[in-house]
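Accompanying notes for the structure given below.
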Amino acid sequence: TFRRKVTRYIALSDFGRDKLAQSGLPLERISVKPNYLEWREAGSEAQPRMGGLFVGRLSPEKGVEVLLQALATLPAPQVTVVGAGPLEQQVRAQLGPQSLGFQPLPAVMALMQSAGFMVLPSLWYEGFPRTIVEAYACGTPVVASRLGAMAEVIEDGVTGLLFSPGNVQELADKIAWAQANPAAMRAMGQAARRRYETYYSPEVNYRQLLAIYEQAFTENHADRGSSQG
């Protein structure tokens, strides 16, 4: 069924495409189209930005415990955590008022626009985290694990910083550097916003999707013609 009945698959990243091919799907039938976000407000250049922000499910695979251990080694960590999950009580116990629990999207986007950087310490591959696109749309660079799609979407030193997955000290060092170099992080945030406009805006995504549909339509008719011939 998967080899003969599906004309075209869509993966969220090159990494995802390669993993699908490794699982047995035909590589030549897999197109790549990332997630997108409809968001116009990049944030004002004059708007003050401070500290880091984590947004996501508070669970082990998201690297929450790695983040908490890294923050515990820093003298004055300025990282706010947004989300709910099995580790929420642990996060609240350590971070107190910096743990905000679940927040609706408008509140999350407002926090991203005022954050100096976002932290994404996941221990698993991730498909294509929407939070990266949200951060880029807000002009916020991302500090993330050098793993899976994250290592592909985030350009180290350009749109954010990468660290080895699960490495507490390296994450702590990256957070400390980000806090100590706000001008450099703001420049990365500007690059992140440009990356959003180039690759992850609705207009770009719409054109990509139409192209994939047209390709599937053409291939499907070609396959039918060859089978009838």
Side-chain angles (χ1 to χ4, degrees), residues 12-16 32 34-37 39 41-45 47-57 61-64 66-71 74 77-83 108-201 204:
L12 296 175
S13 65
D14 291 343
F15 176 83
V32 176
N35 284 332
Y36 75 99
L37 179 72
W39 186 258
E41 302 176 33
S44 170
E45 288 294 322
Q47 179 181 4
R49 289 177 176 264
M50 181 177 297
L53 178 69
F54 170 93
V55 179
R57 177 171 167 77
E61 73 277 3
K62 292 292 187 178
V64 173
V66 176
L67 175 60
L68 292 178
Q69 292 173 38
L71 295 180
L74 298 174
Q78 301 172 349
V79 176
T80 299
V81 172
V82 173
V108 170
M109 299 303 284
L111 288 166
M112 283 192 176
Q113 286 182 302
S114 63
F117 56 95
M118 191 184 78
V119 186
L120 187 60
S122 289
L123 298 175
W124 64 353
Y125 288 143
E126 298 284 354
F128 189 104
R130 178 184 167 90
T131 50
I132 294 181
V133 182
E134 291 170 349
Y136 279 13
C138 292
T140 306
V142 182
V143 179
S145 304
R146 188 182 287 103
L147 180 69
M150 295 173 288
E152 175 183 333
V153 178
I154 298 160
E155 187 175 356
D156 194 24
V158 178
T159 62
L161 302 171
L162 296 174
F163 69 96
S164 302
N167 190 317
V168 172
Q169 186 58 57
E170 192 175 350
L171 173 56
D173 291 343
K174 298 292 183 178
I175 292 175
W177 191 92
Q179 292 183 162
N181 295 273
M185 297 307 289
R186 184 174 283 274
M188 291 184 200
Q190 293 168 354
R193 174 66 190 189
R194 291 192 295 270
R195 193 69 55 91
Y196 163 77
E197 294 170 349
T198 303
Y199 295 106
Y200 309 124
S201 68
V204 172

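What you see below is based on every heavy atom in this structure, not just the backbone, and it leaves out hydrogens, waters and symmetry mates. One is the number of the first residue; the rest follow in order along the sequence. Source: prediction; values computed, not measured.
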How far does OG of S145 sit from CG of L171, to the nearest 0.5 angstrom?
7.5 Å
Nearest-0.5 Å distance, CG of residue L53 to CD of residue Q113
11.5 Å
Begin from the C-alpha positions of E155 and L162 and carry the test side-chain contact (heavy atoms from CB on, under 4.5 Å) through to its verdict.
CA-CA 8 Å; E155 187 175 356; L162 296 174; over 6 Å; no
Minimum-distance pair of heavy atoms, taken over all atoms of G157 and M188
O-CE, 3.9 Å
pair V32-L12: side-chain heavy atoms closer than 4.5 Å
no
Under 4.5 Å between any side-chain heavy atoms of C138 and M109, yes or no?
yes
Any F54 side-chain heavy atom under 4.5 Å of V64 side chain:
yes
Could you measure the distance from the CG atom of N181 to the CZ atom of R186? Nearest 0.5 Å is fine.
14.0 Å
Does anything in residues 127-141 form a salt bridge (Lys or Arg N to Asp or Glu O under 4.0 Å)? List the pairs, not counting sequence neighbours.
R130-E134
Closest heavy-atom contact between S201 and Y36?
O-CB, 4.1 Å
Do E126 and W124 pair up side chain to side chain, a donor and an acceptor below 3.5 Å, judged on atom types alone?
yes
Looking at every heavy atom in both M150 and S122, which two are closest together, and how far apart are they?
CE-CB, 3.9 Å
Any luck finding a side-chain donor-acceptor pair between R49 and T140 under 3.5 Å?
yes
Should V158 and R195 count as side-chain neighbours, where that means a heavy-atom distance under 4.5 Å?
yes
In Å, rounded to the nearest 0.5 Å, how long is the span from CD1 of I132 to CD of E152?
10.0 Å
With side chains defined as the heavy atoms from C-beta onward, is the minimum distance between L120 and V143 less than 4.5 Å?
no
Rounded to the nearest 0.5 Å, what separates atom CG in L111 from atom CE in M118?
12.5 Å
Any idea which heavy atoms bring A144 and I154 closest together, and the distance?
CB-CD1, 3.3 Å
Are any of the side-chain heavy atoms of I175 and F117 separated by less than 4.5 Å?
yes
Has Q78 got a side-chain atom pairing as donor or acceptor with G52's backbone, closer than 3.5 angstrom?
no
Does some side-chain heavy atom of P121 sit less than 4.5 Å from a side-chain heavy atom of L67?
yes
Using every non-hydrogen atom in the two residues, find where S13 and G127 come nearest and quote the distance to one decimal.
OG-O, 4.1 Å
Centroid separation Y200 to F128 less than 6.0 Å:
yes
Taking ring-ring contact (aromatic ring centres under 6.0 Å, His included) as the test, write out the residues that go with Y196, two or more places apart.
none
Any side-chain heavy atom of F163 within less than 4.5 Å of one from D173?
no
S164 versus R146, closest heavy-atom pair with distance:
N-NH1, 3.8 Å
Quick one: ring-ring contact (aromatic ring centres under 6.0 Å, His included) partners of Y125, sequence neighbours excluded?
F15
